[in-house]
Amino acid sequence: QFMGEIMGLSVLEKGIKDKLQVENVVVVPGNSDDYEWVKQEMGKACVSFLKKVTQSNATIAVTGGTTMASVANVMTPLEKADNYLFVPARGGIGEKVENQANTIAAKMSREAEGDYRLLYVPDPLSEISYQNIIQEPSIIEILQLIKNANIVLHGIGDALTMAERRKTSSEVMGILRDKKAVSEAFGYYFDQEGNVVHKVRTVGLQLEDLETMEYVITVAGGKSKAKAIESYFKHGKSNMLITDEAAAEQILRDS
Ligand code: BG6
């Protein structure tokens, strides 16, 4: 029975690697839509991968969300490295405080015995405030750290679920529906083909910045996120997907 389960997961991992064209995949048992512990298991897989790839003096950028909050809960010191720094990937994008990237970066650094720097920006940002804020010396300094991060840890959300959670205006909700947004990551909304259809205005990491990152680590699971995960992986950069059995099975079922 136990061996059977292990075999099952490695078959799913292989299937997902081929279908989404990603170098590294870990599939944990269960469905994180139903059970919180499944997110913790994805979190543990994420921490073990981080331990392998983090070098001394690395900067690790993190996004918000309940999945990243679970990663933070199971974070431990990254033994092979020291002097690492956690930063939020982007300015707060409408999340509750416990699910904000700032909170998660601070928690991760505490558990990992590393350092952290935070990014304080009002949310949402008007064009005029945006233009002013990016000229503040303290903001320029942290933005440099974020853009030069070595590793990024991020979640993926279902587009409309995220938009509602962020109390998005009805005008933008309309745009997301018209353009058939399917997934969301880093404050960008993507359609089924992986094209960006909308972007939340905030400072921090832009999609282009991912190109120079050594590792982009994606953590997203739950049957309800299958379509969203597929959409992000159409164009989005990722070196590692950590997901769960329910999402993986659904992705392989989708045509
Ligand atoms: C948000 C991130 O905080 O969390 C999003 O900004 C991400 O990019 C989302 O899609 C995922 O949330 P959760 O709770 O499903 O892990």
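Heavy atoms only: backbone and side chains are in, while hydrogens, waters and symmetry mates are out. Both ligands and their constituent atoms are indexed starting at 1 by order of listing.
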Considering both backbone and side-chain atoms of [X], is one of its nitrogen or oxygen atoms within less than 3.5 Å of a nitrogen or oxygen in ligand 1?
X    : answer
M68  : no
T63  : no
F186 : yes
I93  : no
M162 : no
K39  : no

Quick one: nearest non-hydrogen protein atom to [atom], plus distance?
atom                    : result
atom 12 (O) of ligand 1 : R165 NH2, 3.1 Å
atom 14 (O) of ligand 1 : T66 OG1, 2.5 Å
atom 10 (O) of ligand 1 : E184 OE1, 2.5 Å
atom 1 (C) of ligand 1  : E95 OE2, 2.9 Å

Checklist entry - Do Q250 and K225 get their side chains close enough for a donor-acceptor pair, meaning under 3.5 Å? => result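 Judged by distance alone, the side chains do not pair up.
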
Next on the checklist: For the residue pair Q131 / E127, report whether a side-chain donor-acceptor contact shorter than 3.5 Å exists.
Outcome noted: yes

Validation: residues 58-67 side-chain donor-acceptor distances under 3.5 Å, sequence neighbours left out:
residue, atom, partner, partner atom, Å
T63, OG1, G155, N, 3.3
T66, OG1, K39, NZ, 2.8

Checklist entry - Any idea which of V219, I156, T67 brings a heavy atom closest to atom 11 (C) of ligand 1? => result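 That would be I156.
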
Give the atoms of ligand 1, by number and element, whose distance to some non-hydrogen atom of [X] is under 4.0 Å.
X    : answer
A185 : 8 (O)
R166 : 2 (C), 5 (C), 6 (O)
G157 : 10 (O)

Next on the checklist: The criterion is side chain to side chain contact (heavy atoms under 4.5 Å, CB included); which residues satisfy it with A247, sequence neighbours excluded?
Outcome noted: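 Side chain to side chain contact (heavy atoms under 4.5 Å, CB included) check on A247 returns I229, T243, D244.
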
Next on the checklist: Checking Y232 against E184 for the side-chain hydrogen bond (donor to acceptor under 3.5 Å, both in side chains) test, could you report, in this order, the C-alpha distance in whole Å, the side-chain angles of both residues, the deciding distance, and whether it holds?
Outcome noted: CA-CA 8 Å; Y232 177 77; E184 185 283 341; over 6 Å; no

Item to check | Test item: E245 and L9 side chains (from C-beta on) under 4.5 Å apart, heavy atoms | outcome: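 E245 reaches L9 side chain to side chain.
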
Checklist entry - Y189 vs H198 aromatic rings, parallel, tilted or perpendicular, using cut-offs 30° and 60°? => result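 Rings of Y189 and H198: tilted, 30 to 60°.
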
Item to check | Parallel, tilted or perpendicular, as decided by the 30° and 60° cut-offs, for the rings of F86 and Y84 | outcome: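 Correct class here is perpendicular.
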
Next on the checklist: I need the contact type for K225 against ligand 1. Using non-hydrogen atoms and a strict under-4.0 Å cut-off, is it side chain, backbone, both or neither?
Outcome noted: side chain

Next on the checklist: I need the single residue from I16, D18, L12 that forms a side-chain contact (heavy atoms from CB on, under 4.5 Å) with K14. Which is it?
Outcome noted: D18

Checklist entry - Just one of V22, V152, V216 clears the side-chain contact (heavy atoms from CB on, under 4.5 Å) bar with K237, so which one? => result V216

